[in-house]
Visitor: 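There's a structure below that I have some questions on.
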Amino acid sequence: MSNNDIVQKLWNLCDVLRDDGINYSDYVTELVLLLFIKMVHENTEAGLLNKHTLPTGCRWSDLSDKDGINLLNDYKNILMALSTGKRREIDPENPENTIEKIVVTDPLILAIYADAQTRLREPRHLKQLIKSLDSIDWFSAQKDGLGDLYEGLLEKNANETKSGAGQYFTPRALIDSMVRVINPLHGEVIQDPAAGTAGFLIAADRYIKDQSDDLYDLKDNAKAFQKHNAFVGVELVPSTRRLALMNCLLHGMEGDDEGVVHLGNSLGQVGMNLPKADIILANPPFGTSKGGDASITRDDLTYPTNNKQLAFLQHIYRNLKPGGRAAVVLPDNVLFEAGVGTDIRRDLMNKCNLHTILRLPTGIFYAAGVKTNVLFFTKGSVTNRQQEENCTTNTWVYDLRTNMPKFGKRTPFGEQHLKPFEAVYDPSGHSREGGNPDLASRAEGDWSFTDLEDKAKQAMHSPELLLEKSRWKCFSREYIRDTKGDSLDISWLKDANSIDTADLGTPEELAGEAMTELKGALADLEALVKSLAGGGRDE
């Protein structure tokens with residue numbers, strides 16, 4: 001049984017939850033409370049989990065052989081114990097009384113199950129879930145890793161739901177591509193200030209493990225750093241952070257005492273206290289600050305704004321170490337918004353080398369109509385990582401949006417669509433050693449997803465015209481400042497479905513054509529009226 005089969009089987013259990021009155025958006029949150037207990041059991045049985053085991057009385061074996069109301073009550077008590085660290089037991093010295101006993105001291109387990117409670121009401125539904133989880137071929141699942149299985153369930157949830165995690169879920173192909181070109185190295189501090197379910201951090205960890213034989217090539221102190229200190233995320237929503245902590249732990253990422261992903265607001269005090277990072281990977285939430293926990297409360301940002309993405313962008317380039325690099329998903333409005341938006345973009349290009357923008361196609365995010373980009377930048381300049389002014393000299397733009405298909409379930413966006421961008425991002429492979437791409441090796445010109453016959457004709461008649469059809473072009477800092485007014489909404493390719501006004505003719509010609517068409521339509525209407533009138537007389 002493949003992991004995809006297992007993920008589908010797990011997703012089918014949502015029918016059981018629906019029968020118990022649990023809302024569509026709460027399926028995964030409810031399911032993973034039970035699923036994580038099962039996965040800890042399977043990892044422990046396989047000898048893969050020595051730390052962070054669950055206490056006696058809170059394990060899978062304490063549920064699997066029970067039934068009826070006792071099963072449901074015991075499950076509620078287990079969640080209470082894992083959530084609070086305490087359990088009520090009968091006092092052995094005085095059976096008429098109960099005492100509180102400490103059963104959980106592991107801070108990570110307490111964080112994962114903080115405020116956990118089930119909304120299941122029917123014991124038979126809980127029993128059905130337990131039997132279904134017991135019937136899964138966990139041996140096959142172990143071969144691919146339980147972390148990948150769990151992550152597959154989160155992705156399935158994002159694909160199927162129309163709100164919550166699915167609204168701005170970052171496609172896996174895009175995450176992996178961003179990680180590959182950023183090229184994280186062991187020993188670097190990697191952050192995501194809007195972690196979600198920790199997709200970026202887990203992809204970066206997987207990448208480093210692939211480069212180091214699953215960390216086997218590293219010394220013990222380097223292994224410990226990767227496990228406990230290399231990755232830091234921040235997530236505002238407690239239920240989403242729970243998913244992230246489970247996800248990280250199942251991938252062997254433990255983090256500090258708060259886990260890999262901390263609970264809090266990066267646009268508040270938590271963000272101000274984050275240490276400087278070597279790498280920041282993020283897809284900040286879209287929208288504006290409207291008060292509450294998600295409000296922008298920082299007083300250290302140079303340019304105050306209610307736009308969350310602009311605030312996150314400031315946090316990210318300010319929080320990089322000299323020479324640190326970032327890849328950030330941002331909507332189009334961040335690239336062209338006037339006023340404070342212009343100030344922030346100008347400050348970014350001053351303090352960092354904004355070397356690359358990837359214009360993403362529409363339809364790859366689950367919020368309809370959202371147009372997004374990835375900004376790649378490095379703190380400092382190409383020649384001096386300590387430089388703090390005039391760091392951007394050229395910005396390269398790859399247009400993966402114009403004349404691309406509309407992506408969705410029928411036309412999925414995948415790795416093959418990003419490979420041409422990766423090929424031109426760092427053609428020399430320099431970043432495989434030093435982290436940053438070799439910008440000097442770049443050359444304009446990429447015609448992926450272009451009609452090859454049309455390309456050949458253009459090359460024969462006009463090399464300049466051919467370059468204008470390229471998806472990969474370089475724009476100087478002077479051009480961005482003087483011609484674009486520091487807007488980064490840069491496009492040059494003509495949409496195949498658009499109409500070129502140069503081909504429309506003069507206004508007189510257009511008016512004459514319109515008049516001819518109107519006269520023809522009027523004649524057709526008159527003929528139709530006569531026909532209908534004649535039909536009436538026949539009756």
Visitor: From L153 CG over to L31 CG, what is the distance, rounded to the nearest 0.5 angstrom?
Guide: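 Between L153 CG and L31 CG, I get 6.0 Å after rounding to 0.5 Å.
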Visitor: Between P184 and I208, which heavy-atom pair has the shortest distance, and what is it?
Guide: O-CG1, 3.7 Å
Visitor: Output, in order, the C-alpha distance, side-chain angles, deciding distance and verdict of side chain to side chain donor-acceptor pair (under 3.5 Å) for T197 and N247.
Guide: CA-CA 7 Å; T197 56; N247 203 5; 4.7 Å; no
Visitor: So, using salt bridge (Lys or Arg N to Asp or Glu O under 4.0 Å) as the criterion, who are the partners of D20 when residues are at least two apart?
Guide: R121
Visitor: In a check of side chain to side chain contact (heavy atoms under 4.5 Å, CB included) between R359 and each of D489, T372, V374, which one passes?
Guide: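 That would be D489; it is the only one of D489, T372, V374 passing the side chain to side chain contact (heavy atoms under 4.5 Å, CB included) with R359.
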Visitor: Step by step, work out the side-chain contact (heavy atoms from CB on, under 4.5 Å) result for F449 and N403.
Guide: CA-CA 8 Å; F449 319 107; N403 297 326; over 6 Å; no
Visitor: Scan residues 178-202 for pairs that pass salt bridge (charged side-chain N to carboxylate O under 4.0 Å, His left out), counting only residues two or more places apart or in two chains.
Guide: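 Passing the test, one end in residues 178-202: R180-E415, R180-E422, E188-R325.
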Visitor: Looking just at side-chain N and O atoms, do K9 and S135 make a donor-acceptor pair shorter than 3.5 Å?
Guide: yes
Visitor: I'd like to know whether R401 forms a side-chain contact (heavy atoms from CB on, under 4.5 Å) with K371, so could you lay out the CA-CA distance, the side-chain angles of the two residues, the decisive distance to 0.1 Å, and finally the verdict.
Guide: CA-CA 9 Å; R401 181 183 304 170; K371 294 181 178 180; 3.9 Å; yes
Visitor: Before you tell me yes or no, could you show the steps for D134 and K131 under salt bridge (charged side-chain N to carboxylate O under 4.0 Å, His left out), namely the whole-Å CA-CA distance, both residues' side-chain angles and the distance that decides it to 0.1 Å?
Guide: CA-CA 5 Å; D134 270 332; K131 285 184 176 180; over 6 Å; no
Visitor: Check the pair D210 / R206 against salt bridge (charged side-chain N to carboxylate O under 4.0 Å, His left out), numbers first and verdict last.
Guide: CA-CA 6 Å; D210 288 344; R206 184 187 302 117; over 6 Å; no
Visitor: How far apart are the closest heavy atoms of P361 and F413, and which atoms are they?
Guide: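 So the minimum-distance heavy-atom pair works out to CG-CE1, 3.8 Å.
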Visitor: Does the side chain of H262 pick up a donor-acceptor pair with the side chain of D256 at under 3.5 Å?
Guide: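 Short answer, yes.
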Visitor: Say whether, by atom type as modelled, one donor and one acceptor occur between the side chain of S266 and the main chain of P193 under 3.5 angstrom.
Guide: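 Looks like yes, one N/O pair under 3.5 Å.
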Visitor: Taking it one step at a time, do Q117 and S83 satisfy side chain to side chain donor-acceptor pair (under 3.5 Å)?
Guide: CA-CA 8 Å; Q117 53 184 318; S83 172; over 6 Å; no
Visitor: Give the minimum heavy-atom separation between H417 and P412, together with the two atoms involved.
Guide: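 What the structure gives for the nearest pair is CE1-O, 3.6 Å.
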Visitor: Just how far is it from atom CG of L274 to atom CD of Q269, taken to the nearest 0.5 Å?
Guide: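 It is 10.5 Å, given to the nearest 0.5 Å.
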Visitor: N319 and Q191: side-chain donor and acceptor closer than 3.5 Å?
Guide: yes
Visitor: Indicate yes or no for a side-chain donor-acceptor contact from W138 to the backbone of M39 under 3.5 Å, with no hydrogens or angles considered.
Guide: no
Visitor: Closer than 3.5 angstrom, by distance alone: can the side chain of K127 be matched with the main-chain N or O of S64 as a donor-acceptor pair?
Guide: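 Answer holds: yes.
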Visitor: For a quick check under 3.5 Å, do W472 and D399 share a side-chain donor-acceptor pair by atom type?
Guide: no
Visitor: How close do I364 and P171 get, counting heavy atoms only, and between which atoms?
Guide: O-CG, 3.2 Å
Visitor: Evaluate whether atom CD of E122 has more than 12 neighbouring non-hydrogen atoms of other residues, nucleotides or ligands under 6.0 angstrom away.
Guide: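 Atom CD in E122 is packed in, count exceeds 12.
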Visitor: Regarding D205 and K209, does a basic nitrogen lie under 4.0 Å from an acidic carboxylate oxygen?
Guide: yes
Visitor: On a heavy-atom basis, which atom in P284 and which in V328 lie closest, and how many Å separate them?
Guide: CD-CG1, 3.8 Å
Visitor: Run through T84, I78, L82, V104 and flag the one making a side chain to side chain contact (heavy atoms under 4.5 Å, CB included) with Y113.
Guide: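 Answer to the side chain to side chain contact (heavy atoms under 4.5 Å, CB included) test with Y113 among T84, I78, L82, V104: L82.
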Visitor: Can any side-chain N or O of R471 pair as donor or acceptor with the backbone N or O of S448 at less than 3.5 Å?
Guide: yes
Visitor: Is the backbone of Y216 close enough, under 3.5 Å, to the side chain of D214 for a donor and an acceptor to pair up by distance?
Guide: no
Visitor: According to salt bridge (charged side-chain N to carboxylate O under 4.0 Å, His left out), does anything in residues 216-245 pair up with another residue at least two apart or in another chain? List the pairs.
Guide: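 Qualifying pairs, neighbours excluded: K227-E254.
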Visitor: Could you tell me whether the side chains of Q8 and N4 share a donor-acceptor contact shorter than 3.5 Å?
Guide: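 There is no such pair (donor and acceptor under 3.5 Å, judged by atom type) between the side chains of Q8 and N4.
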Visitor: Apply side chain to side chain donor-acceptor pair (under 3.5 Å) to the pair D148 and H251, showing each step before the final yes or no.
Guide: CA-CA 8 Å; D148 289 345; H251 280 90; 3.1 Å; yes
Visitor: What is the distance from atom CD1 of I296 to atom CG of N265, rounded to the nearest 0.5 Å?
Guide: 8.5 Å
Visitor: Ring-plane angle category for F312 and H315, please: parallel below 30°, perpendicular beyond 60°, tilted otherwise.
Guide: perpendicular
Visitor: Quick check on the 6.0 Å ring-centre criterion: do F225 and H186 meet it?
Guide: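 So the answer is no for these two rings.
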Visitor: Can you name the nearest heavy-atom pair linking L126 to L71, along with the distance?
Guide: CD2-CG, 3.7 Å
Visitor: Within a radius of less than 6.0 Å around CG of D257, do more than 12 heavy atoms belonging to other residues, nucleotides or ligands occur?
Guide: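 No, CG of D257 has 12 or fewer neighbouring heavy atoms, counting only those of other groups under 6.0 Å.
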Visitor: Can you check side-chain contact (heavy atoms from CB on, under 4.5 Å) on F36 and L250, steps first, answer last?
Guide: CA-CA 9 Å; F36 187 74; L250 289 170; 4.1 Å; yes
Visitor: With rounding to the nearest 0.5 Å, note down the distance linking CG in L236 to CG in L263.
Guide: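 It is 7.5 Å, given to the nearest 0.5 Å.
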Visitor: Quick one: salt bridge (charged side-chain N to carboxylate O under 4.0 Å, His left out) pairs with a partner in residues 65-75, sequence neighbours left out?
Guide: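 Counting only pairs at least two positions apart or across chains, the salt bridge (charged side-chain N to carboxylate O under 4.0 Å, His left out) contacts touching residues 65-75 are K66-D74.
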Visitor: Tell me yes or no: between the side chains of D332 and N373, is some donor less than 3.5 Å from an acceptor?
Guide: yes
Visitor: Taking ring-ring contact (aromatic ring centres under 6.0 Å, His included) as the test, write out the residues that go with F421, two or more places apart.
Guide: F376, Y398, Y425
Visitor: The criterion is salt bridge (Lys or Arg N to Asp or Glu O under 4.0 Å); which residues satisfy it with D62, sequence neighbours excluded?
Guide: none
Visitor: Looking at Y150 and L243, would you say the former's side chain and the latter's main chain have a donor-acceptor pair under 3.5 Å?
Guide: yes
Visitor: Start with the C-alpha gap between Y207 and N183, add the side-chain angles, then the distance that decides, and say whether side-chain contact (heavy atoms from CB on, under 4.5 Å) holds.
Guide: CA-CA 8 Å; Y207 181 89; N183 185 37; 2.7 Å; yes
